[in-house]
Amino acid sequence: MARATAPTWDTQVLTAFVDEPRRGEPNEATLACAQRWLERGVPVVIPTETVYGLAAPARDREAVSAVFAIKDRPLDNPLIVHVTGQTHLDALELDWSPLAARLAEAFWPGPLTLVVSTRARWPWVTAGLDSMAIRAPAHAFAAALIDRAGPLAAPSANLSGKPSPTRAEHAAQDLRGRVPLVVDAGELEHGLESTVVDARGARPVLLRPGALPLEAIEDLCGSAPAGADEPHARSPGMKYRHYSPRAEVWLYPPLAATLGREALGEHARELRRHGRRVAVIAREAVVADRFVPLPHDPRETARLLFAWLRELDALEMDHVLVEGVAPTGLGRAIMDRLARAATRVVTNPSRALERSAER
Ligand code: TXA
Ligand code: MG
């Protein structure tokens, strides 16, 4: 319903920085333009250090409702509020627990979102919960804009269900015509969303693994966050299907053993024999319609992962066979996103190989 009446825009893409595409001095003309739209209650796409966000002033009910409509986002999935300073935190009437203070002190600005209790009644942001998710982004353009425009509610700037945008062109692909402005800061530093932690109690509870590795929180707090060993993260947004390319995604464990590698190779061959277009993302080369080498550095995998999923869709692959990574450090968030994108998880590749040999 909202779609039929929503305005359509001639989407403009402006650069975030003056000299280099990725860093330096925020571009004054772009800042002023973004601020003007936000003041008029119109959401715009902005870069952060994690993924691109679709931002609206958090206190503006209409503007935040527009964010949900633009993305086709389910209304029961609350948004993160992005802040830069104490005045912002004060305005949000938060019950800032000792744990939240400690985590913010250690990791802000940065890719950590803290869920805390709030007395502010902003149901358009919190989906009616009495808690609010807050984060202080470590991105010069985002921070400069928040300094001017105040706290910004911003989900990732993709259509609901699609991979989060890590390049301005991904956001433009999804939201062209639905927003007047995409601010381009090139490929972003992390490429994965922030880690979301419930900081209301004495011990942190993991709601979504993300760009801040849990080990960093464990080092600070002396123990791993609760919920870290649960297969399904607990934040409301995590119940929806995510990051889903059109292709079928089969996820394999890290393929240390030769048999595992053979299984993936055999699956690729078999699918191609049946006329399917197959992409493979793995450490060692496999014959496929498109082969993407899996980097050894998980930071690089994190940065590129969502771009691969989009690219493989653009190439109209039917199947994507992906070798996983060890689920520690950043690998935990990488495996979480891959598992959500996957239509099949191959837990025992050598058994799978035996079965396909028997057939
Ligand atoms: O890196 C990021 O976090 C990016 C950038 C733009 O900041 N944002 C992002 O937003 O990923 P989004 O909306 O795609 O994901 C926010 C997650 C969802 O899983 C949502 O359910 C959860 O945070 N969340 C928001 N408010 C919450 C709350 N009050 N309690 C529990 N979870 C909450
Ligand atoms: Mg999202």
Side-chain angles (χ1 to χ4, degrees), residues 43-56 58 64 67-68 70-84 92 94-95 100 107-118 120-139 141-143 145-146 151-166 170-171 174-175 183 185 188-201 204-212 227 232-244 302 306 333 336-337 340-341:
V44 297
V45 173
I46 62 164
T48 78
E49 78 278 35
T50 56
V51 300
Y52 282 83
L54 175 61
V64 174
V67 165
F68 281 85
I70 289 167
K71 282 188 56 123
D72 293 330
R73 183 179 176 101
L75 292 172
D76 63 354
N77 191 5
L79 303 184
I80 296 172
V81 176
H82 298 68
V83 300
T84 49
L92 298 170
L94 307 170
D95 287 326
F107 300 116
W108 280 7
L112 174 67
T113 294
L114 298 172
V115 170
V116 291
S117 300
T118 176
R121 289 290 163 257
W122 296 14
W124 53 92
V125 171
T126 62
L129 301 175
D130 58 6
S131 61
M132 194 181 266
I134 319 276
R135 120 174 162 82
H139 188 279
F141 184 91
L145 185 62
I146 296 164
L152 297 180
S156 49
N158 48 284
L159 287 176
S160 234
K162 292 282 169 212
S164 296
T166 55
H170 301 160
D174 280 11
L175 304 183
V183 177
L188 301 178
E189 182 188 344
H190 296 292
L192 279 181
E193 304 85 346
S194 62
T195 301
V196 183
V197 160
D198 186 335
R200 286 176 289 186
V205 178
L206 178 69
L207 301 181
R208 177 179 75 182
L212 181 73
H232 299 293
R234 302 183 188 185
S235 84
M238 301 308 266
K239 67 174 178 280
Y240 296 105
R241 186 160 150 76
H242 271 69
Y243 319 110
S244 32
F306 290 148
D336 171 81
R337 305 307 188 266
R340 278 165 211 289

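Atoms within each ligand, like the ligands themselves, are counted from 1 in listed order.
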Polar atom proximity, [X] to ligand 1 (N or O, under 3.5 Å):
X	result
S131	yes
R73	yes
S156	yes
Y52	no

Might you point out which heavy atoms bring [X] and [Y] nearest each other, and give the distance in Å?
X	Y	result
S156	K71	O-NZ, 2.7 Å
E49	L188	O-CB, 4.2 Å
D198	R200	OD2-NH2, 2.7 Å

Closest to atom 1 (O) of ligand 1 among T195, T126, T50, T118 (heavy-atom distance):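 Looking at heavy atoms only, the winner is T50.
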Among S194, S164, A154, which one has a heavy atom closest to atom 8 (N) of ligand 1?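 When every heavy atom of S194, S164, A154 is considered, A154 comes closest to atom 8 (N) of ligand 1.
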Run the side chain to side chain donor-acceptor pair (under 3.5 Å) test on R337 and S164 for me, step by step, so that the C-alpha distance in whole Å, both residues' side-chain angles and the decisive distance to 0.1 Å come before the verdict. CA-CA 10 Å; R337 305 307 188 266; S164 296; over 6 Å; no
Just which atoms of ligand 1 are under 4.0 Å from any heavy atom in [X]?
X	answer
R208	2 (C), 3 (O), 9 (C), 11 (O), 15 (O), 16 (C), 17 (C)
I80	3 (O), 8 (N), 9 (C), 10 (O), 16 (C)
P155	10 (O), 12 (P), 13 (O)
G53	6 (C)

Below 2.8 Å, can you find an N, O or S atom of S156 next to the Mg ion (ligand 2)?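 Checking S156: at least one N, O or S atom is under 2.8 Å.
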Any heavy atom of H82 closer to ligand 1 than 4.0 angstrom?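 Yes; H82 lies near enough to ligand 1 that a heavy-atom distance drops under 4.0 Å.
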Return yes when N77 approaches ligand 1 closer than 4.0 angstrom through a heavy atom, no otherwise.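 Contact check N77 vs ligand 1: positive.
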Atom CG of D95 and atom OG1 of T118: how far apart are they, to the nearest 0.5 Å?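 Nearest 0.5 Å value for the CG-OG1 distance: 7.5 Å.
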Just verifying a value: how many Å separate W124 CH2 and L75 CG, rounded to the nearest 0.5 Å?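 Between W124 CH2 and L75 CG, I get 14.5 Å after rounding to 0.5 Å.
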Checking T166 side chain against G191 main chain: does a donor-acceptor pair fall under 3.5 Å?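 Not at all, since once roles are kept as given, no pair shorter than 3.5 Å links the two residues.
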Under a 3.5 Å distance rule, please check whether D72 uses its side chain to pair with a backbone N or O of S160 as donor and acceptor.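 Absent.
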Let's go through S194 and T113 carefully: what are the C-alpha distance in whole Å and the side-chain angles of both, what is the deciding distance for side chain to side chain donor-acceptor pair (under 3.5 Å) to 0.1 Å, and is it a yes or a no? CA-CA 6 Å; S194 62; T113 294; 2.7 Å; yes
